[in-house]
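Just follow the structure's listing: the first ligand is 1, and inside any ligand the first atom is 1.
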Amino acid sequence: MTTVNATTNRPIPNKRKISQFRRLLWHFNRTDLGWVTKAALSSLQPGARAKRIGLLEQLPSKPEWSAASRKLDEDGYVDVSSLMERSLAEAVAAVSESKVSRLNELSGKQQLGHKSFWVSLLDEDLVNGAFATDHPFVRYALQPAALRIIGDFMHDLPQLSDVLLTLSQPTPNQTLSYSQLWHLDHDDKRVCKLFIYLTDVRDTADGPFTFIPAGPSKPFRNTLKSHMSDQQVFAKTGPDAVKEIVAPRLSSFIVNTARCLHMGSRIQSDHNRLLYTATYIQQPRIYPEPAPRFRAAGSLTDIDRAVMRL
Ligand SMILES: O=C(O)CCC(=O)C(=O)O
């Protein structure tokens, strides 16, 4: 049935048509055709990219950051444990550990309910869904080394899209689901995630972040399949391409999760894993901007404001 606008007498597209259109656009954007959307949206903001690149160039640079950026570009991942500020990682760990000590109280209130193996512990730090920009989780994501490494890879000042703390716990007798299965992130065309392990990840039982570097992940770039089993993936790559990040607490790494197939949180009984994630994309976002995720608190530079779109 078509509904008609009483003033214009024009048909109003019904909800089903809109959701079919959104679905089609979503499939389109997942493939390399999504670059057309990106280019079209960029052309609507002439000068914006040049301005962001000007800000990126104001950041300090170091040869080891440039080397990390090149590795991120070539392989899709890089270990940045020795390049990030240790004191900022420790501040993230302190907040996280205080949340875990109140696990029962906080998991009762959690809003992010669909992943039974993930508990989101930061909901209480949000005001209208937004983090204060002086929150240790935000400060870690804004440090110059992170912005430079990701920015040089993107050839653009990145946009910080989200910060997240997740406690992954065992799910005995449940089939693998969501990010426990192989997937690419389709938040945008360029997506990088900066992680910190906040607990030791000693072996497979601790549910390491597991991925396939950008090269061998290539055959999956235009697949419309969303989440895949080991068998589906290994049929194309073989199991040898797989890398598990087994590393001690406070290790930090960046992964191009739009290009590297990945999964994790396959936690075995008696184990758990605490993980910090900051997600960055390249502007302009190919989907409508969600509600602001950050609210200004304390002093902010022009770069901070541009990175958080404040
Ligand atoms: O839990 C994990 O290790 C996987 C996380 C993941 O898939 C993601 O952040 O996109």
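Among residue pairs with one or both ends in residues 148-158, those qualifying as salt bridge (charged side-chain N to carboxylate O under 4.0 Å, His left out) are Arg49-Asp156, Arg52-Asp156, Glu57-Arg148, Arg148-Asp152; sequence neighbours excluded. Evaluation of the ring pair (Phe, Tyr, Trp, His ring centres under 6.0 Å) test over residues 43-100, restricted to residues two or more places apart or in two chains, returns Tyr77-Phe211.
Looking at Ser252, its side chain never comes within 3.5 Å of a backbone N or O of Ser81 through a donor-acceptor pair.
Close contacts between ligand 1 and His183 involve ligand atoms 7 (O), 10 (O) [criterion: under 4.0 Å to a heavy atom]. Heavy-atom proximity to Lys193, at under 4.0 Å, picks out these atoms of ligand 1: 8 (C), 9 (O), 10 (O). Close approach of ligand 1 to Ser179 is summarised as follows: ligand atoms under 4.0 Å from at least one heavy atom of the residue are 6 (C), 7 (O).
Taking distance alone, with nitrogen or oxygen atoms compared against 3.5 Å, Thr257 stays at or beyond that limit from ligand 1.
Within the structure, ligand 1 has Asp185 among the residues with a heavy atom less than 4.0 angstrom away. Using 4.0 Å as the threshold, Gln180 has no heavy atom nearer than that to any atom of ligand 1.
Ion pairing between Asp123 and Lys99 fails under the 4.0 Å rule for side-chain N and carboxylate O. With respect to the salt-bridge test (charged N to carboxylate O, under 4.0 angstrom), the residues Lys193 and Asp187 do not qualify.
Of all the heavy atoms of Arg266, none lies under 4.0 Å from any atom of ligand 1, so neither backbone nor side chain is involved.
Counted within 6.0 Å of CD on Glu85, heavy atoms from surrounding residues, nucleotides or ligands total 12 or fewer; the atom is thus considered open.
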